[in-house]
Amino acid sequence: MGNKEAASGEKLYQMRKAKLDEQAAAGRIRYPNDFSPTHAAATLAQAEPDSTPVRVAGRIMLIRQMGKSAFATLADASGHIQLHAAVAEDGCRDCLDRLGELDLGDIVGATGSLFRTRRGELTIALTELRLLAKCLRPPPEKHKGLVDPELRSRKRHLALMSDPAERQRFRKRSAIIASLRAFFDERGYLEVETPMMHPIAGGAAARPFCTRHNSLDMQLYLRIAPELYLKRLLVGGYERVYEINRSFRNEGVSTRHNPEFTMLEFYAAYRRHTDMMDLTEELFAQLAERFADDGRVEWLGHSINLASGWRRIGLIDAIAEYNGLSPEQARDEQVLTERLAGFAGDKAAAAAAGRPSLGQLQMLLFDKTVAGKLIDPTFVTDFPASVSPLARRADDDPEIAERFELYIGGCEMANGFSELNDPAIQAQVFRAQAAAAAAGDEEAMHYDADYIEALEAAMPPAAGEGIGIDRLVMLMLGCSSIREVMLFPLVRPAAEKAG
RNA sequence: GGGUCGUUAGCUCAGCUGGUAGAGCAGCGGACUUUUAAUCCGUUGGUCACAGGUUCGAUCCCUGUACGACCCA
C-alpha cells in the first residue's frame, strides 16, 4: 500500500481492501467465524470491573490513537463499550498494532479485562483483538451520520449503523406490531396467512400488480387486500381471525403511500361494525398507553388526543358541517356537483363532470373538504352503499352501508364494516362492478364466482376492519413520511453516473 | 400529474453581481501512555448530477433529462 494515496471514493475502497489482504498475508483468516462473545456491551456497563476476561464483538465506531496508547469505541446491538491498548500492558503490544490497522466501521472481536479510566469510563484492557469482518466502504460522517433522506432510504444499512435513533425507531415498529398481535391473541383471534397471489384481485378498489405462473400458464395478481380469503375462513368455522401482512397496490408513491404496505385485517363473527369501532378505540387506548406520552401524539403538525370517547359522525352530517350545507343539500346531486366544480382543474372536478353516482359525488366532496380536517380521532359512519361493495346494507335503508372509516390527523387510518353475507346481493354488486370495469373503471372489482360460492355455503353475520400499519406506526412515532417507518421503501434505481 | 426548491470531495456543508472550487469529518504522513467528536503539525482527494445553449470565459445565467425534498392534485 502506498503511503500517499489519493483519498477519493475508489481509492478509499482500495486502501481498505489492501489492509484486508495484508491481514490474510499475515496468516489470519479473512472472515473468521469462530469468535464467540461472552457479553453484550450494555451488560458489561452494569458489571463491576475485575480481572475476569470478557469477550465482546461489534463495530468500531471511533478510534483515538495516542502514540503508545490507543482507545476505540465498539458498538454492538446493545450499546457501546470502550477498548484500550497500550505498549506497557501485558500482551497488549500486539493489540495496539491491531488497533492501528483498523478502519472505522470494521467489525472486531475484543478480549480483555474490565477497568475504569480516570474519567470513570468502563473500558476493556485488550489482550486480544481480532478483525472479524472488514468494512471496505467508508462509513457515514462520524458525528452527523447520514443526513440525506434519499441516501437514508436507499442505503438503510448505513443509516442504521450510524444512527441509534434510527435503529430504535424500527425496534418500536416491531414492538407496536407485537402489541397488536398480543391484543388480538388475547381476544381469541386466530392469526392466519392467506394468499398474496390472487387469480382475481379483490377486497379493495385499487389497481393491482400482475404476475404470471409459468408452469400453470396462469395470470396472477399480487393481492390488494386479504379480505375475501379471510371471510372464507369465517365460512369455514373460524369465528375470529386476523392477518398482519403485506398488500400491494399499483399506484403512486408519496409520503403516505408505498406500493407494498402492511395491513392488519381482522374479522369477528356475530359482531357488528359498531362493535368494531369500540374495539378500535380499545386497541388505540392500549397502544397510546405504551407508545404515547399522556395519550397524546405530535403528528403532522398537530397535537392529537388519542383518549377514548372518539367522535362518531355520519358522512352526510360531516359533509354538511364542513361545507355549510344542510343534510338535504348534502344529498342533492346538483349542489354537490356545483361544490366540486369549485376545484377547477382538479381530478375531483373532472370526476364530477363525468357521470358519478350520488355516493361517488359525496365521497369526492368528503375527501376534498372534510377528511383532512379530522384531526382528533373521528369515526365517519353511514357510507353510501354504492361505494361500499363488500359491506352489509342497513336494514332500514339499502342505500346506506354499515360501514365506517377512522380518521386521525387528517389521514385515513382504518376502514371497517358489517360484512355483506347475502350471496344474492353480493353477486348483484359484483355484476355492477364488473360492468363499471368493462366501461373503463380501473379500480372497479371483478366478478368473483368462487367467493360467491363460498358465501352460498353461509357466512355467519360478522364484522371486519383493516388498519394501515405503516400509518399507525407513523402516528405513534410522530413520523411524517411512510419511508421513515419502512425499512426498505421502494426507490427508483439510482441515476447512472456516466452521461 | 402540476408547482417550488435541491443535486459541489467517501460523509456533512460553504462558495457574493459569471473569471474552471473551500472547510469540518474520514483518509494519508508525523507528534503524543487514561482519551471521550481526543489534541497538535503537515497533506491527498473534485468531469461542481447529466446533456445541450448563451458567453472570450459557466458550479453560477438559460433549456432539457435523471434523481430527490416539500406543497398541491
Side-chain angles (χ1 to χ4, degrees), chain A residues 1-19 49 60-75 80-89 92-93 95-96 99-106 115-126 135-155 158-159 161-163 251-257 300-301 340 342-352 364 367-369 371-372 410 480-484 489-499:
Chain A
M1 178 180 66
N3 287 339
K4 285 231 165 194
E5 293 284 356
S8 67
E10 176 61 17
K11 286 285 171 57
L12 292 172
Y13 172 81
Q14 290 300 339
M15 289 166 78
R16 282 169 176 250
K17 193 162 176 298
K19 285 190 189 176
I60 295 295
M61 304 305 289
L62 298 167
I63 299 174
R64 296 176 288 279
Q65 292 202 72
M66 290 168 300
K68 298 187 176 70
S69 170
F71 292 89
T73 302
L74 176 149
H80 53 83
I81 182 73
Q82 181 167 257
L83 311 179
H84 179 248
V87 284
E89 291 167 25
C92 215
R93 177 70 221 213
C95 293
L96 189 61
L99 204 48
E101 291 159 6
L102 292 181
D103 287 300
L104 297 183
D106 288 351
F115 74 104
R116 284 194 187 273
T117 64
R118 285 175 196 165
R119 298 279 285 273
E121 175 143 353
L122 190 67
T123 303
I124 295 176
L126 292 169
C135 182
L136 296 171
R137 303 280 177 189
E141 213 267 354
K142 74 182 182 184
H143 321 306
K144 298 187 178 178
L146 210 55
V147 172
D148 182 347
E150 180 182 355
L151 282 180
R152 288 177 74 94
S153 301
R154 277 184 195 281
K155 308 212 180 277
L158 296 179
M161 80 165 69
S162 60
D163 184 359
E251 293 165 354
V253 173
S254 79
T255 50
R256 294 183 196 182
H257 298 86
L300 304 175
L340 283 164
F343 299 96
D346 192 288
K347 194 168 75 175
L364 284 167
D367 286 343
K368 212 74 203 152
T369 60
S480 58
S481 168
I482 200 168
R483 285 184 286 277
E484 293 173 44
L490 187 74
V491 290
R492 289 177 196 262
E496 296 282 331
K497 273 279 183 186

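Just so we're on the same page: letters track the sequence lines, and every chain starts at 1.
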If you measure from the C1' atom in B:rG24 to the same atom in B:rA38, how many Å do you get, rounded?
16 Å

Correct closest heavy-atom pair for A:Q65 and A:G100 would be OE1-CA, 3.8 Å

Just the atom pairs and distances: protein N or O near nucleotides 11-13 of chain B's N or O, under 3.5 Å.
unit_1	atom_1	unit_2	atom_2	d
B:rC11	O2'	A:E141	N	2.9
B:rC11	O2'	A:G145	O	3.3
B:rU12	OP1	A:V147	N	3.2
B:rU12	OP1	A:D148	N	3.2
B:rU12	O2'	A:K144	NZ	3.0

Under 4.0 angstrom, heavy atoms only, what part of the nucleic acid is A:E10 near: base, sugar-phosphate, or nothing?
nothing

Who passes salt bridge (Lys or Arg N to Asp or Glu O under 4.0 Å) against A:E101, sequence neighbours left out?
A:R28, A:R98

A:V147: which residues meet the side-chain contact (heavy atoms from CB on, under 4.5 Å) condition with it, sequence neighbours left out?
A:K144

Among B:rG68, B:rU36, B:rG27, the one nearest any side-chain atom of A:L12 is B:rG27

Whole angstrom value for the distance that separates C1' of B:rU36 from CD1 of A:I81:
13 Å

Can you tell which of A:R137, A:K17, A:K19 makes a salt bridge (Lys or Arg N to Asp or Glu O under 4.0 Å) with A:D103?
A:K19

Counting distance alone, no hydrogens or angles: does the base of B:rU35 have a donor or acceptor under 3.5 Å from a partner atom on the side chain of A:Q82?
yes

So what does A:S481 hit on the nucleic acid, given a heavy-atom distance under 4.0 Å: a base, only sugar-phosphate, or nothing?
nothing

Any residue meeting side chain to side chain donor-acceptor pair (under 3.5 Å) with A:D163, in chain and number order, not counting sequence neighbours
A:R152

Measure the distance from NE2 on A:H80 to C1' on B:rA37 and round it to the nearest whole Å.
12 Å

Starting at atom CG of A:L364, determine the distance to atom P of B:rA73, rounded to an integer number of angstrom.
13 Å

Give a yes or no on whether the backbone of A:L490 and the side-chain of A:R483 come within a donor-acceptor separation of less than 3.5 Å.
no

Calculate the interatomic distance between A:M61 atom CE and B:rA26 atom P; express it in whole Å.
13 Å

Please tell me which of the listed nucleotides, B:rC67, B:rA69, B:rU35, lies nearest to the side chain of A:P149?
B:rA69

A:M66 CE - B:rU39 C1' separation (whole Å)
10 Å

B:rC50 to B:rC67 separation - P atoms, rounded to the nearest Å:
16 Å

Using atom P of each nucleotide, how far apart are B:rA26 and B:rC11 to the nearest Å?
15 Å

N or O in side chain of A:R119 less than 4.0 angstrom from B:rU36 OP1/OP2
yes

Requiring both pairing distances under 3.5 angstrom, list the stems that contain RNA chain B and are made of three or more consecutive Watson-Crick or G-U pairs.
B:1-7 with B:66-72, B:10-13 with B:22-25, B:27-31 with B:39-43, B:49-53 with B:61-65

Gap in Å between the two P atoms, one belonging to B:rU43 and one to B:rU12, rounded:
26 Å

Measure the distance from CG on A:L104 to P on B:rA37 and round it to the nearest whole Å.
14 Å

Are the side chains of A:K142 and A:T73 in touch, meaning some heavy atoms are under 4.5 Å apart?
no

If the condition is side chain to side chain donor-acceptor pair (under 3.5 Å), which residues does A:T369 pass it with, not counting sequence neighbours?
A:N323

How far does the P atom of B:rA14 sit from the matching atom of B:rA23, given to the nearest Å?
16 Å

Among the candidates B:rU36, B:rU33, B:rC67, find the nucleotide nearest to the side-chain atoms of A:E121.
B:rU36

Applying side chain to side chain donor-acceptor pair (under 3.5 Å), can you list everything that pairs with A:Q82, at least two apart in sequence or on another chain?
A:R64, A:T123

For B:rU34, does the base pair up with any side-chain atom of A:S69 as donor and acceptor (N or O, under 3.5 Å, distance only)?
no

Under 4.0 Å between any heavy atoms, over every strand shown, what does A:R483 touch: base, sugar-phosphate, or nothing? Just pick one.
sugar-phosphate

What pairs with A:L96 under side-chain contact (heavy atoms from CB on, under 4.5 Å), at least two apart in sequence or on another chain?
A:A70, A:A85, A:V87

Among B:rG68, B:rU35, B:rG27, the one nearest A:R64 by side-chain distance:
B:rU35

Who are the side-chain contact (heavy atoms from CB on, under 4.5 Å) partners of A:D148, not counting sequence neighbours?
A:E150, A:L151

With rounding to the closest Å, how many angstrom separate the P atoms on B:rC62 and B:rU4?
12 Å

Whole Å only: how far is the CD atom of A:Q65 from the P atom of B:rG30?
11 Å

Starting at CZ of A:R118 and ending at C1' of B:rA38, how long is that distance when rounded to a whole Å?
14 Å

If you look at every strand shown and take non-hydrogen atoms under 4.0 Å, does A:R137 touch a base, only sugar-phosphate, or nothing?
nothing

